[in-house]
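Nothing here was measured: the structure is a model prediction, and the numbers come from that model. Throughout, protein chains are lettered first and strands after them, A, B, ... in sequence-line order, and every chain is numbered starting at 1.
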Amino acid sequence: MKTNSRTNSQWNLKVHRAFGAAVLEAAPDAMVVVNQGGEIVLLNALAEKQFGYGRDELIGQKVTTIIPEGFAERLLSDGLRSAADALDQKIGTGIELNGRRRDGGEFPIEIMLSPLESAEGTLVTAAIRDITTRKILEEALAAEAKQLRVSEARLRENRRHLTQAQELSESGSFEHDLRTGQVTWSDNLYTIFGVDNESFAASGIGEFIHPADAARFAASYRRQAAGIATTATEFRIVRPDEGCRTIIVEYAFRPGDYGAAGIVLGTVRDVTNAKAAEQRVRGLETQLHHSQKLEALGTLAGGIAHDLNNALVPTIVMTDIVMDSQAADSPERARLALAIAGARRAKELVRRILTFARKETTEKNWFDLASLVTEAMTMLRASLPATIEQVVLLEPIPAVFGDSGQLYQVIVNLVTNAAQAIDDESGKIAVRLRSVSDGSQIELTVADTGSGMDETTLERVFDPFFTTRPVNEGTGLGLSIVHGIVVAHGGTIAVTSQLGRGSKFNITLPVAGGCQERDAAGVPAAA
Amino acid sequence: MAHILVIDDDIAVRRTVQLALEQEKYEVICASDGDEGLRAYAKKAPRLVIVDIFMPNKDGIETIMKIRASDATTPIIAMSGGGHIVYDNFLDMARSLGASEVICKPFEREDLTAVVSRLLTA
């Protein structure tokens with residue numbers, strides 16, 4: 001039994017050793033066993049192969065032969081470590097060092113250490129893994145991660161640029177995948193449609209289109225989705241806050257494979273502000289055009305006025321001299337008096353043309369506009385057809401500071417125009433004078449039931465030389481003169497008209513209370 | 001009676017002014033532009049000069065300056081139909097250059113004779 005038992009234990013030891021040697025050889029890593037003195041006592045074939053030494057060459061050599069730095073130091077510190085701690089060390093948490101091959105070449109290794117109790121004392125088993133490939137992979141991975149971070153940063157930058165560009169150009173874009181039905185919007189598209197990009201789920205832009213444009217939009221979208229190219233088209237949209245804007249939509253279509261449904265790409269440009277600016281420019285151009293015409297007229301009027309004024313010298317003075325030579329009650333004298341009166345009217349007319357052409361200063365005084373209206377209407381009554389009814393409504397208004405001669409002409413011109421719009425038909429001309437805007441302004445309205453004007457005429461109604469009357473029947477200056485006078489008085493003039501129904505001219509004049517003080521008796525101070 | 005020199009390129013104006021003044025018993029001599037006017041002025045030494053502003057060859061402004069260069073006292077009336085430029089500007093200029101009075105065309109007979117009479121009795 002005893003022998004048996006000894007035999008058994010010897011056999012066991014043999015088996016154990018053989019098993020240990022087998023395990024050592026079968027290990028997937030290079031295995032090196034080192035004693036406390038740092039000498040190699042055992043190694044496997046993989047270790048031979050990895051370091052390029054024969055087994056005999058390494059046995060008894062210092063471990064620093066194959067692992068120049070780190071390992072020996074680690075051995076010392078590990079010597080102070082308990083076996084339990086050492087066993088706790090997990091695979092993959094090994095130390096990374098450099099191994100040195102026989103040819104001097106170094107390569108990265110990872111070492112796992114574990115203590116091994118033996119008859120010769122505590123040995124250290126080192127599993128040494130060549131991590132060259134892993135390192136290469138790790139480095140590649142790190143480079144890739146870095147590249148990814150760079151790409152992500154660039155993407156973020158691009159997205160920021162896109163958003164900025166879209167903000168600046170007041171545009172946005174969307175993508176509609178017809179295969180999945182998914183719609184995505186650029187950040188600025190949310191802004192254009194006045195919705196929040198956090199809470200609003202991007203959808204087709206159709207739901208924002210103004211009801212009046214909806215059918216047109218739907219038709220164009222259908223055409224586009226069917227792959228038929230459409231041109232950039234303008235639509236109005238209504239935002240959730242009910243603000244109305246104008247957009248221009250442009251599409252591109254990317255067909256799917258083999259004729260399958262594809263992707264509709266769209267850009268949306270908000271042209272509301274651009275259109276408003278354009279309109280302002282157009283308004284300025286019209287004004288410029290108007291003032292250029294006025295300037296031309298001024299030059300022309302100046303030239304005509306000079307010659308007319310000279311021609312009127314003999315007409316007035318010579319007639320006066322000849323008139324004096326006639327007997328006081330002679331019919332010739334009376335006739336010559338008419339000639340002089342005519343010449344004086346012509347003189348006044350020239351003065352007015354010059355005034356209009358701003359070639360002469362005007363005479364401004366305080367006067368009663370209501371009396372002026374009455375006077376003008378009485379004078380006009382005689383010259384207007386009996387078929388035209390005059391209605392004059394005069395409310396109490398403050399005194400007006402201005403050129404009464406010019407404002408008289410305004411009334412005459414407007415009423416004469418009204419009468420011409422009524423022509424030979426029967427009709428009505430209403431003139432109303434009242435105080436508006438809490439008494440800060442006076443409104444003079446001349447309305448007629450005449451033929452009215454179309455939009456084209458209405459647009460040009462104050463243009464000098466613009467007339468709808470036949471040649472020789474109108475100078476095209478009447479309303480232009482009215483406009484000039486009203487503006488020179490710091491007032492405004494507006495006209496509304498309906499074809500076949502009549503026209504209405506509204507003039508407002510400021511009550512010059514602020515700058516023209518009156519004295520205690522209510523009489524304006526000398527101007 | 002005193003000589004009055006009327007300088008105007010417009011013959012109808014010249015004749016009219018001449019007749020209006022002759023009616024008042026003034027003796028009138030006429031010239032059709034500044035050059036002719038200055039010659040007549042040198043020759044006849046009129047007691048009063050009436051001169052138009054806009055004239056060919058030598059205009060009224062230049063004529064007034066020439067006269068005033070050597071004669072500070074003879075009354076000068078400047079007249080103009082204006083038009084080309086704001087009346088007042090040129091007449092004001094004439095006044096500042098030495099014109100005693102300015103008259104805008106067209107004027108009344110009395111306006112002319114009253115000014116002439118006043119300047120000659122002053």
Could you pull out the closest heavy-atom pair between [X] and [Y], with the gap in Å?
| X | Y | answer |
| --- | --- | --- |
| B:Gln23 | A:Ile321 | CD-CG2, 3.8 Å |
| A:Val317 | B:Ala20 | CG1-CB, 3.9 Å |
| B:Asp10 | A:Asn310 | OD2-CB, 3.6 Å |

Neighbour count >12 (heavy atoms, 6.0 Å) for atom CZ, A:Arg333: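 Yes, the 6.0 Å shell around CZ holds more than 12 heavy atoms from other groups.
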
Crowded around B:Lys66 NZ? As in, over 12 foreign heavy atoms under 6.0 Å?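 Count not over threshold, so no.
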
Kindly determine whether B:Glu108 and A:Arg344 satisfy side chain to side chain contact (heavy atoms under 4.5 Å, CB included), including the steps that lead there. CA-CA 9 Å; B:Glu108 298 288 330; A:Arg344 285 180 184 146; 2.5 Å; yes

Looking at B:Val17, B:Leu112, B:Thr16, which makes the most heavy-atom pairs under 4.5 Å with chain A?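 The residue among B:Val17, B:Leu112, B:Thr16 with the greatest pair count is B:Thr16.
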
Rounded to the nearest 0.5 Å, how far apart are CG of A:Leu308 and NZ of B:Lys105?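 Answer for the CG-NZ pair, A:Leu308 versus B:Lys105, is 12.5 Å.
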
Give, for atom CG of A:Asn309 and atom CZ of B:Phe107, the distance between the pair rounded to the nearest 0.5 Å.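 CZ of B:Phe107 is found 10.5 Å from CG of A:Asn309.
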
Non-hydrogen atoms of chain B under 4.5 Å away: do they reach the side chain of A:Ile316, the backbone, both or neither?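 The side chain, not the backbone.
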
